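Note that the structure is a prediction, hence the values are computed from the model and not measured. Throughout, protein chains are lettered first and strands after them, A, B, ... in sequence-line order, and every chain is numbered starting at 1.
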Protein chains: 2
Amino acid sequence: MFRGSLDTIILKMLNNNSEMYGYEISQEVKKLSDGAFEIKEGALYPALHRLEAKGLLETESRSIGNRIRKYYRLSPKGNKESKTQISEMQEFLQQMNSFLKLKPS
Amino acid sequence: MFRGSLDTIILKMLNNNSEMYGYEISQEVKKLSDGAFEIKEGALYPALHRLEAKGLLETESRSIGNRIRKYYRLSPKGNKESKTQISEMQEFLQQMNSFLKLKPS
DNA sequence: TAAATATACATAAAATTCTTAGGTATATAA
DNA sequence: TTATATACCTAAGAATTTTATGTATATTTA
């Protein structure tokens, strides 16, 4: 995938869905992007832990049958930060798009 | 800046201009992006050396007064690779744009 | 004219993020 | 019953970036 966008992708998912667990995020992102974005577990879980450590995510572990799922949701700070990061990413997409369309002078 | 896009930016610049030196690339990128993309020297020079090591760039050092400028241009391989990377980046921009516009289901 | 800024290259340490590879365990499908 | 899917995790290494520093010449400003 393209480096540096994982946090924004996670925050976007949790902005759209009140709560999700890690595995669910990876599956949904893959599905919603038609397979374009594949989040590796070795990137996903450390990212979730980082975002939690920054106070952007809150967690709740829940038993489903004999399994444990760790649900994540945006904290108030995370809710704000998700909007910021989504906007900044969209701005970047625009800038990069313009840049790549530049013709030789 | 946003991670992972530096190589593409450099290749784009050298695709548009037959030859450029490092400092010129950083100044032009800043100017063309209205200040949005600022390439730090500590990222730029290692990136140029990497791209050269991969065989994508060719260099020629030239004396300008008492100074030396190291001019870079795309190798045939680099010319091909620049088009590939630009296309892939544009595809990513589209995918990310669509993804960020998704509404809650 | 002296000092500050711009030009022009470079590297090294540390930080960040990602891939690869492994580990554990339950549930379901073949 | 074996393979795949679900569900979490971490650690080593790779790759890229920031920060900091170094060197030196040229130009602008005070």
Side-chain angles (χ1 to χ4, degrees), chain A residues 1-11 13 17 19-31 35-54 56-72 81 85 88-89 92 96, chain B residues 1-11 13-14 17 19-31 35-54 56-73 81 85 88-89 92 96:
Chain A
M1 202 178 0
F2 281 86
R3 316 92 228 254
S5 50
L6 178 56
D7 285 11
T8 307
I9 289 172
I10 291 171
L11 293 174
M13 289 305 291
N17 305 275
E19 58 173 19
M20 298 184 86
Y21 55 97
Y23 189 78
E24 186 184 17
I25 292 175
S26 70
Q27 298 306 304
E28 274 294 290
V29 166
K30 187 175 178 180
K31 189 178 156 197
F37 301 157
E38 285 206 51
I39 307 178
K40 306 239 166 64
E41 296 192 323
L44 174 64
Y45 292 110
L48 287 169
H49 300 162
R50 275 200 308 273
L51 293 169
E52 188 185 2
K54 285 182 190 167
L56 304 182
L57 304 185
E58 292 165 352
T59 64
E60 187 189 339
S61 289
R62 238 175 269 159
S63 286
I64 307 293
N66 277 20
R67 284 246 205 64
I68 290 176
R69 281 187 193 155
K70 204 165 158 187
Y71 281 88
Y72 289 87
E81 180 65 16
Q85 285 208 25
E88 285 179 357
M89 177 62 78
F92 169 75
M96 182 60 77
Chain B
M1 200 176 3
F2 282 87
R3 298 108 209 298
S5 48
L6 179 55
D7 286 9
T8 306
I9 288 172
I10 291 172
L11 292 174
M13 289 306 290
L14 290 172
N17 305 276
E19 58 173 19
M20 298 185 86
Y21 54 97
Y23 190 77
E24 188 185 16
I25 292 175
S26 71
Q27 299 306 304
E28 274 295 290
V29 165
K30 186 175 177 179
K31 190 180 157 197
F37 302 157
E38 286 205 50
I39 307 179
K40 307 239 166 65
E41 295 192 319
L44 173 65
Y45 292 110
L48 288 169
H49 300 163
R50 276 200 307 273
L51 294 170
E52 188 186 2
K54 285 182 191 168
L56 304 182
L57 304 185
E58 292 165 352
T59 65
E60 187 188 338
S61 290
R62 238 175 271 159
S63 285
I64 307 293
N66 277 20
R67 283 246 203 67
I68 291 176
R69 280 186 193 157
K70 206 166 160 187
Y71 281 88
Y72 290 87
R73 77 173 72 79
E81 180 66 15
Q85 283 207 26
E88 286 179 356
M89 176 63 77
F92 169 74
M96 182 59 79

Contact state string [nucleotides 17-30 of chain C, B base, S sugar-phosphate only, - no protein heavy atom under 4.0 Å]: SSBB-----BS---

If I take atom [atom1] in residue [X] and atom [atom2] in nucleotide [N], what distance separates them, rounded to the nearest angstrom?
X	N	atom1	atom2	result
B/R62	C/dA8	CZ	C1'	15 Å
B/E24	C/dA6	CD	P	18 Å
B/H49	C/dA12	NE2	C1'	14 Å
B/Y21	C/dA6	OH	P	15 Å
B/Y71	C/dT7	OH	P	14 Å

Contacts of B/E52 that satisfy side chain to side chain donor-acceptor pair (under 3.5 Å) - sequence neighbours left out: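 In terms of side chain to side chain donor-acceptor pair (under 3.5 Å), with neighbours along the sequence ignored, B/E52 is linked to B/T59.
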
Residues which pass side chain to side chain donor-acceptor pair (under 3.5 Å) with B/E19, listed by chain and number, not counting sequence neighbours: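 Expected list: B/R62.
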
Degree of bending in the helix from C/dT1-D/dA30 to C/dA30-D/dT1 once both end axes are built from five pairs, to 10°: 30°

Test item: side-chain donor near acceptor, B/R69 and B/Y71, under 3.5 Å: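 A pair is found: one side chain offers a donor N or O, the other an acceptor, under 3.5 Å apart.
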
Presence of B/Y45 side-chain N/O under 4.0 Å of C/dA10 phosphate oxygens OP1/OP2: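 For C/dA10, neither OP1 nor OP2 has a side-chain N or O of B/Y45 closer than 4.0 Å.
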
Residues forming a ring-ring contact (aromatic ring centres under 6.0 Å, His included) with A/Y45, sequence neighbours excluded: none

Results of ring-ring contact (aromatic ring centres under 6.0 Å, His included) for B/Y23 - residues two or more places apart only: none

Which residues share a salt bridge (charged side-chain N to carboxylate O under 4.0 Å, His left out) with B/K30, sequence neighbours left out: B/E38

Boundaries of the DNA chain D segment in contact with chain A, non-hydrogen, under 4.0 Å: D/dA5 to D/dT10

Which pairs would a plain distance check flag for residues 1-10 of chain A, meaning a side-chain donor or acceptor within less than 3.5 Å of a matching protein atom at least two apart in sequence or in another chain?
from: A/S5; atom 1: OG; to: A/F2; atom 2: O; distance (Å): 2.6
from: A/T8; atom 1: OG1; to: A/Q85; atom 2: OE1; distance (Å): 3.1

Measuring from atom [atom1] of [X] to atom [atom2] of [Y], what distance do you get when rounded to the nearest 0.5 angstrom?
X	Y	atom1	atom2	answer
A/S26	A/Y21	OG	OH	9.0 Å
B/K70	B/H49	NZ	NE2	4.5 Å
A/E28	A/I39	CD	CD1	11.0 Å

Test side-chain contact (heavy atoms from CB on, under 4.5 Å) applied to B/S63 - qualifying residues, sequence neighbours left out: B/I68

